[in-house]
Amino acid sequence: MSSSLANGRTIPSHWYTDSAVLHTEIDKIFRRTWQPAGYVDKVSRPGEYLACEVAGEPVAIVRGNDGVLRGFSNVCRHRASIILEGHGCAKSLRCPYHAWTYGLDGKLLVAPEFEGVEDWDLKQVSLPPVRVAVWGPFVFVNIDGQAPPLAEVMGDIPAQVAELGCPIDQLHFSYRRDYLIDCNWKVYVDNYLEGYHLPAAHPSLFRELDYNQYRVDTFRYYSSQYAPIRPPRPGRDEPRRYSREDAGNRALYFWIFPNFMLNVYPDNLSSNIILPVGHDKTLTIFEWFTYPRNGQASEIAADTVEFSDEIQQEDIKICENVQKGLRSSTYDRGRYSVKRENGVFHFHRLVEEFLSR
Ligand code: FES
Ligand SMILES: [Fe+2]
């Protein structure tokens, strides 16, 4: 049944509270989309590698001697040990269990004391490839190999980010803060995708923004939020975080299905990665990148991080409350504000689309 925003219902509450649904989502959403997996500066030179886990799969990202960035299953073909940990630089990829050694191209080179094994050919053994793509500082991985190209998924985002003046290939990583939240990952994403909760839940942020102009625009696999800073009215609403000068500054907010957010400002970019840890536990990773100033790397201002933290604490409380409410036998599905919740509607329809494939 197709639905419009005006007659649509939110997704059923058990999709947020049932661990079996999360397992299906890992399979049908997280394995089938581009997932942020690490930073390209860790794997810029030949031999540099990065181990990560994407949708439950151990993955190794390796820069070859030919300069090509490749992804592999990080699982040894012998008896399934994890091969690489963390990041580093190596001439070959050596399993710590029995020292099977693979080339930077994933092909098995050495298997000690393996003579006499029948129906087995060292030359036929290699680590299964995993699809990787790079944008700016981010390395993305697509486990099932079937997602549309990253550039297609991101649509107009790179052009808009460039237009704002963000030098996406020269960003300096400055700071990371993690939050573990007692809610389903979709509760957090739902909350991010609407400004409807600003007046009641974020009084300090509400004072800074022009709520009447706040708008969410949806595209095939992403949405953007338009949230202009409101010029202060002298003598009437001090103190304000942002000044009159900031009011002219543009900012871009993007969410890319299912779990990656980008917040782009005239002098910094931050990413939020939303990772399900369990059906009712979510890790959110906030990272800040600065732009080079006069050729120098700079650090993110402490008050920028603190203001973000204040908003995040307000959102955490809301999200944990919602998770409790979703467990209630009295609630199943809700309705959307046509004016304010088109972004949530868009997300829910994408979730339905992927789960029904
Ligand atoms: S599991 Fe890797 S060498 Fe045995
Ligand atoms: Fe919020």
Side-chain angles (χ1 to χ4, degrees), residues 49 51 58-60 62 72-85 90 92-103 106-117 120-122 124-128 177 179 181-211 214-216 223-227 229 241 251 253-255 259 261-263 270-272 274 282 284 286 304-323 325 336-337 340-344 347:
Y49 65 82
V59 173
V62 182
F72 301 111
S73 167
N74 190 17
V75 176
C76 185
R77 297 299 106 186
H78 176 223
R79 282 195 9 241
S81 171
I82 300 297
I83 302 167
L84 300 171
E85 277 184 63
S92 56
L93 315 176
R94 188 171 181 266
C95 178
Y97 198 177
H98 313 94
W100 280 30
T101 302
Y102 302 83
K107 291 192 175 117
L108 182 61
L109 302 175
V110 180
E113 304 181 79
F114 231 61
E115 299 80 11
V117 178
W120 183 84
D121 178 4
L122 181 142
Q124 299 299 312
V125 180
S126 59
L127 299 172
R177 192 170 279 192
Y179 301 87
I181 308 175
D182 289 328
C183 71
N184 183 270
W185 69 278
K186 299 186 295 304
V187 169
Y188 189 87
V189 172
D190 289 347
N191 179 63
Y192 179 91
L193 290 175
E194 46 90 353
Y196 191 30
H197 70 283
L198 251 68
H202 298 302
S204 63
L205 182 59
F206 180 66
R207 278 200 298 278
E208 306 285 342
L209 300 178
D210 185 344
Y211 183 67
Y214 198 109
R215 198 182 75 224
V216 179
S223 59
S224 66
Q225 302 191 32
Y226 177 66
I229 292 166
R241 172 180 158 75
Y253 305 95
F254 296 107
W255 161 79
N259 64 334
M261 294 130 180
L262 276 176
N263 314 296
S270 60
S271 60
N272 312 340
I274 314 307
T282 296
T284 69
F286 282 41
T304 300
V305 175
E306 289 321 308
F307 189 60
S308 159
D309 185 73
E310 178 188 329
I311 307 302
Q312 174 74 341
Q313 297 302 341
E314 290 164 352
D315 282 325
I316 288 173
K317 189 152 195 306
I318 291 166
C319 290
E320 294 187 341
N321 260 330
V322 168
Q323 187 68 30
Y336 305 102
S337 160
R340 296 286 180 186
E341 295 181 295
N342 59 313
V344 185
F347 170 46

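Both counts, for ligands and for their atoms, begin at 1 and track the order of listing. Just so you know, these numbers come straight off a predicted model, no measurement behind them.
- In this structure, Arg340 places its CZ atom where more than 12 heavy-atom neighbours from other residues, nucleotides or ligands lie under 6.0 Å away.
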Start with the C-alpha distance between Asn272 and Tyr192, add both sets of side-chain angles, then the distance that settles side chain to side chain contact (heavy atoms under 4.5 Å, CB included), and finish with yes or no.
CA-CA 10 Å; Asn272 312 340; Tyr192 179 91; 3.9 Å; yes
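- Taking every non-hydrogen atom of Arg79 and a distance limit under 4.0 Å, the qualifying atoms of ligand 1 come out as 1 (S).
- The NE2 atom of His202 and the NE2 atom of His197 meet at the Fe ion (ligand 2) at an angle of about 100°, given to 10°.
- At least one N/O/S atom of Asp315, from backbone or side chain, sits under 2.8 Å from the Fe ion (ligand 2).
- Atom 4 (Fe) of ligand 1 has no N, O or S atom of Cys76 under 2.8 Å away, backbone or side chain.
- Looking at Ser270 and Asn263, their side chains do bring a donor and an acceptor atom within 3.5 Å of each other.
- Other residues, nucleotides and ligands place no more than 12 heavy atoms under 6.0 Å from the OH atom of Tyr97.
- In summary, of the residues considered (Phe114, Trp120, Tyr102), a ring-ring contact (aromatic ring centres under 6.0 Å, His included) with His78 occurs for Phe114 alone.
- Among the heteroatoms counted here (N, O or S) of His98, ND1 is the one nearest to atom 4 (Fe) of ligand 1.
- Donor-acceptor pairing under 3.5 Å is lacking for the side chains of Glu314 and Ser204.
- Interface of Trp100 with ligand 1, defined as ligand atoms under 4.0 Å from a residue heavy atom, comprises 3 (S).
- At least one N, O or S atom of Cys95, from either the backbone or the side chain, sits less than 2.8 Å from atom 2 (Fe) of ligand 1.
- When non-hydrogen atoms are compared, ligand 1 lies under 4.0 Å from the backbone of Ser81 as well as from its side chain.
- One of the N, O or S atoms belonging to His78 lies under 2.8 Å away from atom 4 (Fe) of ligand 1.
- A donor-acceptor contact closer than 3.5 angstrom links the side chains of Asp309 and Tyr179.
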